[in-house]
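Shown next, in structure tokens, is the structure this report addresses.
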Amino acid sequence: RQMCIRDRKYLEEFLVSNWDNIDLGAKYDRHEEEIDGQRKKFKTDTGEIDILARSKDETEFLVIELKKGRTSDRVVGQTLRYMGYVQSEVANPNQGVKGLIIALEEDVGTRRALSQIPQIDFNRYQINFQMIND
């Protein structure tokens, strides 16, 4: 049986808790602070980045924006703002910045906007939950 995460907070907690076991963790390390065991989101002058990661070879940063349910093209602008901040304030001149939007579904506006911005990828999420009786 499939279960969808409808709350962005739970999606974020799942990704962070399982970082080393998902595809993103193979290429990227999270680039965030922990204070007293609590994860602190990366703050910009236009908001907080859901997850900021840096490639293991340190050549690029990845701005990850999470959306519950269906996206709108507004998320593209939001992701670009965060990417611009990271490029300007965090990255070295030789480091690139990419974006990744993760949502349950994308709408046509998001798809059209992303078709013009190759630096931002889109992934749909699906969580499978199984109970196994041993």
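Everything numeric in this text was worked out from a predicted model, so none of it was measured.
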For Val97, the option from Leu80, Leu62, Val63, Val90 that meets side-chain contact (heavy atoms from CB on, under 4.5 Å): Val63
Within 6.0 Å of CZ in Arg111, more than 12 heavy atoms from elsewhere: yes
Check: Thr110 side chain, Glu106 main-chain N or O, donor-acceptor pair, under 3.5 Å: no
Thr46 side chain to Arg81 backbone, donor-acceptor under 3.5 Å: no
Shared hydrophobic cluster, Phe122 / Ile120 (ILVMFWY, side-chain heavy atoms < 4.5 Å): yes
Exam field: side chain Glu60 to backbone Lys98, donor-acceptor pair closer than 3.5 Å: no
Euclidean distance, Asp45 CG relative to Ser88 OG, rounded to 0.5 Å: 8.0 Å
Closest heavy-atom pair and its distance - Glu32, Leu52: OE2-N, 3.3 Å
Pairing of Lys67 and Glu65 as salt bridge, 4.0 angstrom limit: yes
Cluster link Leu100 to Val86, ILVMFWY, side chain under 4.5 Å: no
N/O donor-acceptor pair under 3.5 Å between Asn92 side chain and Gln95 backbone: no
Heavy atoms of other groups near Asp23 CG, more than 12 under 6.0 Å: no
Ile102 CD1 to Glu12 CD distance, which is reported to the nearest 0.5 Å: 10.5 Å
Which atom of Ala53 lies closest to which atom of Tyr28, heavy atoms considered: CB-CB, 3.7 Å
Close side-chain approach of Tyr85 to Phe42, heavy-atom, < 4.5 Å: yes
Minimum heavy-atom distance Glu48-Tyr82, with the two atoms named: O-OH, 3.4 Å
Ile101 and its side-chain contact (heavy atoms from CB on, under 4.5 Å) partner, picked from Ile64, Leu114, Asn123: Leu114
Minimum side-chain heavy-atom gap Glu58-Arg54 below 4.5 Å: yes
Heavy-atom side-chain contact between His31 and Phe61 under 4.5 Å: yes
Approximate separation, where rounding is to 0.5 Å, of Asp57 CG and Thr59 OG1: 3.5 Å
Thr79 and Met83, any side-chain heavy atoms less than 4.5 Å apart: yes
Over all atoms of both residues, closest heavy-atom pair of Ala113 and Asp73: CB-CB, 4.4 Å
Cluster overlap Val75 with Leu104, hydrophobic side-chain contacts below 4.5 Å: no
Salt-bridge contact Asp50-Lys41 (side-chain N to carboxylate O under 4.0 Å): yes
Lys56 and Asp29 ion-paired at < 4.0 Å: yes
Validation row: Leu66, Leu15 side chains within 4.5 angstrom (heavy atoms): yes
Heavy-atom closest pair, residues Arg30 and Val16: CZ-CG1, 3.6 Å
